[in-house]
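All values below were derived from every heavy atom in this structure, side-chain atoms included, with hydrogens, water molecules and symmetry-related copies excluded. Naming convention: chains lettered A, B, ... in sequence-line order (proteins, then strands); numbering from 1 in each chain. Please read these numbers as outputs of a predicted model, since none were measured by experiment.
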Amino acid sequence: MPELPEVETIKKGLAKSLKHKQVKDVFVYTDKMVKVGAGKISNIKKGSKKLTKDFVNGLKNKKVLKVERRAKYLIITLSNNYFLVIHLRMSGQLIYRRKKQLHQPILLSVAKNATKEKLPSKHTHVQISFKDGSQLFYNDTRQFGHLRLVNQKELIEVFKTSNLGPEPLTLSFAEFKKISQINKNKRAKDFLLNQTVISGIGNIYADESLFLSKINPTRKISSLIEQQLKTLHTNIKKVLNKAILAGGSSIETFLTTNGSSGKYTEKHLVYGKVGKPCPVCKTKLVSKKIGSRTSTYCKHCQK
DNA sequence: CTTGCGACCTGTTGGC
DNA sequence: TGCCAACAGGTCGCAA
């Protein structure tokens, strides 16, 4: 679920809930979900008892100083210059519960399968308890995400290796134009999804931005005139900002990272709407695989 | 260098 | 109703 707006929403929630809390204990139920140090994910993918032990011991007694987002990553700054870097991939969720909520199911906003269940659940892989009795659960049905504990030097290395492109929300048009020239041979959809070009946009917001901009996802970037680039640049920000507002409004005291819990789902114009009429011209929306991801768009409006 | 595809996982959905 | 292929908000590695 999580693209930039969802991760941003979670970041805000975590910043509020976790700040100044001190870790009391950590339980790891699935070794491969946790990493320590800057190694490539694939190299430390399988996990081990030793890594888990290092992860747990490294977190114990640390205080949460700050929560930030970079692209689709969450970065939790801990005391002693340690950092917890989390990527939720397709199905990761962070669920925070205060002490008095712990043993009762909570209705999590409008999340689809929302965690009414008892925690830890079947899909809880990591559980962090704080000294005030509150807890943070990392749930992930598909197990693609990870939590990584690093020191400052390793943090820098991790992000250097990942080679992320600029944040779309603070990207100037001049910069956007520059990267579109560098990546002029890419199709518009590939351009938006490529995290080394621009970071944080995923399949939903790529399709939504292209629809608003009346640009066909297969269109080569080099064929766009300046005005179209401007429109796209503006619409990316518009879509992301609106989604952040919607996500933020639906999440109150606690969080789920289930993107479908945000109210923005109701506002999707094309994503997930193959066969439905285009909201502008009523032509049936079509879908097509582009770069192994499904794109949904209007053949009539998007040229 | 790029493109394209399988792999990583589990759960849900839609067509027959 | 039941089965099972196809698909899901992401990324990585590998082969061509």
Side-chain angles (χ1 to χ4, degrees), chain A residues 1-10 29-33 35 39-47 69-74 85-94 111-115 117 121-125 138-148 158-159 161-165 182-187 189-210 218 220-222 239-240 243-244 246-247 250 256-276 287-296:
Chain A
M1 345 229 113
E3 299 180 29
L4 187 153
E6 290 73 34
V7 181
E8 179 65 20
T9 302
I10 294 154
Y29 302 103
T30 312
D31 289 330
K32 68 170 182 181
M33 310 297 293
K35 322 288 176 191
K40 282 189 188 175
I41 291 298
S42 53
N43 292 343
I44 47 181
K45 166 166 72 174
K46 288 182 184 157
R69 177 191 62 75
R70 171 76 175 98
K72 300 172 193 170
Y73 292 86
L74 284 165
V85 180
I86 304 173
H87 199 301
L88 306 160
R89 293 283 182 101
M90 294 287 266
S91 55
Q93 294 179 284
L94 287 165
K112 214 178 165 183
N113 302 320
T115 318
E117 59 191 326
S121 70
K122 186 177 168 188
H123 296 297
T124 302
H125 305 295
Y138 180 73
N139 277 24
D140 193 343
T141 37
R142 296 179 69 182
Q143 306 178 19
F144 290 164
H146 62 264
L147 296 82
R148 184 203 285 265
V158 165
F159 283 99
T161 310
S162 64
N163 196 25
L164 292 170
I182 296 167
N183 295 282
K184 62 180 179 192
N185 291 326
K186 290 189 164 55
R187 293 169 292 190
K189 183 64 181 282
D190 297 326
F191 176 85
L192 294 179
L193 285 185
N194 190 321
Q195 301 298 299
T196 69
V197 175
I198 306 178
S199 59
I201 301 172
N203 210 22
I204 295 174
Y205 301 107
D207 278 8
E208 296 294 311
S209 306
L210 290 170
T218 59
K220 274 255 165 70
I221 290 294
S222 57
V239 163
L240 295 177
I244 290 171
S250 73
T256 165
T257 69
N258 186 336
S260 55
S261 71
K263 289 183 178 158
Y264 197 76
T265 315
E266 307 156 15
K267 298 191 180 148
H268 293 168
L269 297 173
V270 291
Y271 176 81
K273 304 208 170 204
V274 206
K276 303 246 164 73
S287 84
K288 178 177 187 161
K289 289 263 182 210
I290 300 173
S292 82
R293 308 298 301 281
T294 300
S295 287
T296 305

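- For R293(A), the side chain to side chain contact (heavy atoms under 4.5 Å, CB included) test picks out L193(A), N203(A), with sequence neighbours left out.
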Could you list, one pair per line, each protein nitrogen or oxygen that sits under 3.5 Å from a nitrogen or oxygen of nucleotides 3-7 of chain B, together with the distance?
unit_1, atom_1, unit_2, atom_2, d
dG4(B), OP2, R187(A), NH2, 3.4

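- Between dG14(B) and dG9(C), the distance separating the two P atoms is 15 Å to the nearest Å.
- For K184(A), the side chain to side chain contact (heavy atoms under 4.5 Å, CB included) criterion is met by S222(A), not counting sequence neighbours.
- Legend: residues meeting side chain to side chain contact (heavy atoms under 4.5 Å, CB included) with V197(A), ordered by chain and number and at least two apart, are I179(A), N183(A), K186(A), F191(A), N194(A).
- Remark: the separation of the C1' atoms in dG13(C) and dT10(B) is 22 Å, to the nearest Å.
- With both ends at atom P, the span from dT1(C) to dG11(B) equals 23 Å, rounded to whole Å.
- What separates CD of Q93(A) from C1' of dG9(C) is a distance of 12 Å, to the nearest Å.
- Evaluation of the side chain to side chain contact (heavy atoms under 4.5 Å, CB included) rule for T161(A) yields E157(A) as partners, not counting sequence neighbours.
- In DNA chain C, the stems built from three or more successive Watson-Crick or G-U pairs (distances below 3.5 Å) are B:2-8 with C:10-16, B:10-16 with C:2-8.
- Applying the ring pair (Phe, Tyr, Trp, His ring centres under 6.0 Å) rule to F144(A) yields no partners; only residues at least two apart in sequence or on another chain are considered.
- Using modelled atom types, one side-chain atom of R69(A) and one backbone atom of A71(A) make a donor-acceptor pair closer than 3.5 Å.
- Taking only side-chain nitrogens and oxygens, H146(A) never comes nearer than 4.0 Å to OP1 or OP2 of dC8(B).
- In this structure, K267(A) atom NZ and dG9(C) atom C1' are separated by 18 Å, rounded to whole Å.
- The side chain of K32(A) contributes an N or O atom lying less than 4.0 Å from OP1 or OP2 of dC9(B).
- When the side-chain nitrogen and oxygen atoms of K289(A) are compared with OP1 and OP2 of dA8(C), one or more of them lie within a distance under 4.0 Å.
- Taking side-chain N and O atoms only, R89(A) has no distance below 4.0 Å to OP1 or OP2 of dC8(B).
- If you take CZ of R142(A) and P of dT12(B), they are 12 Å apart, rounded to a whole angstrom.
- Contact annotation: R293(A) reaches the phosphate of dG9(C) (side-chain N/O to OP1 or OP2, under 4.0 Å).
- Under 4.0 angstrom from either OP1 or OP2 of dG10(C) there lies no side-chain N or O belonging to S91(A).
- Listed by chain and number, the residues in a side chain to side chain donor-acceptor pair (under 3.5 Å) with Y138(A) are D140(A) (sequence neighbours excluded).
- A distance of about 12 Å separates the P atoms of dC7(C) and dG6(B), rounded to the whole Å.
- L240(A) places its CG atom 13 Å from the C1' atom of dG9(C), with the value rounded to the nearest Å.
- Atom CG of D140(A) is separated from atom P of dC8(B) by 16 Å (rounded to the nearest Å).
- For dG9(C), one of the phosphate oxygens OP1 or OP2 lies less than 4.0 angstrom from a side-chain nitrogen or oxygen of Y271(A).
- Side-chain N or O atoms of S199(A) include one that pairs as donor or acceptor with a backbone N or O of G165(A) at under 3.5 Å.
- Going from atom CD1 of I204(A) over to atom C1' of dG10(C) covers 12 Å, rounded to whole Å.
- Applying the side chain to side chain donor-acceptor pair (under 3.5 Å) criterion to R187(A), with sequence neighbours excluded, gives D190(A).
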ring-ring contact (aromatic ring centres under 6.0 Å, His included) assessment of Y205(A) paired with Y264(A): CA-CA 11 Å; Y205(A) 301 107; Y264(A) 197 76; 5.7 Å; yes
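- Separating the CG atom of L193(A) from the P atom of dG9(C) is a distance of 10 Å, rounded to the nearest angstrom.
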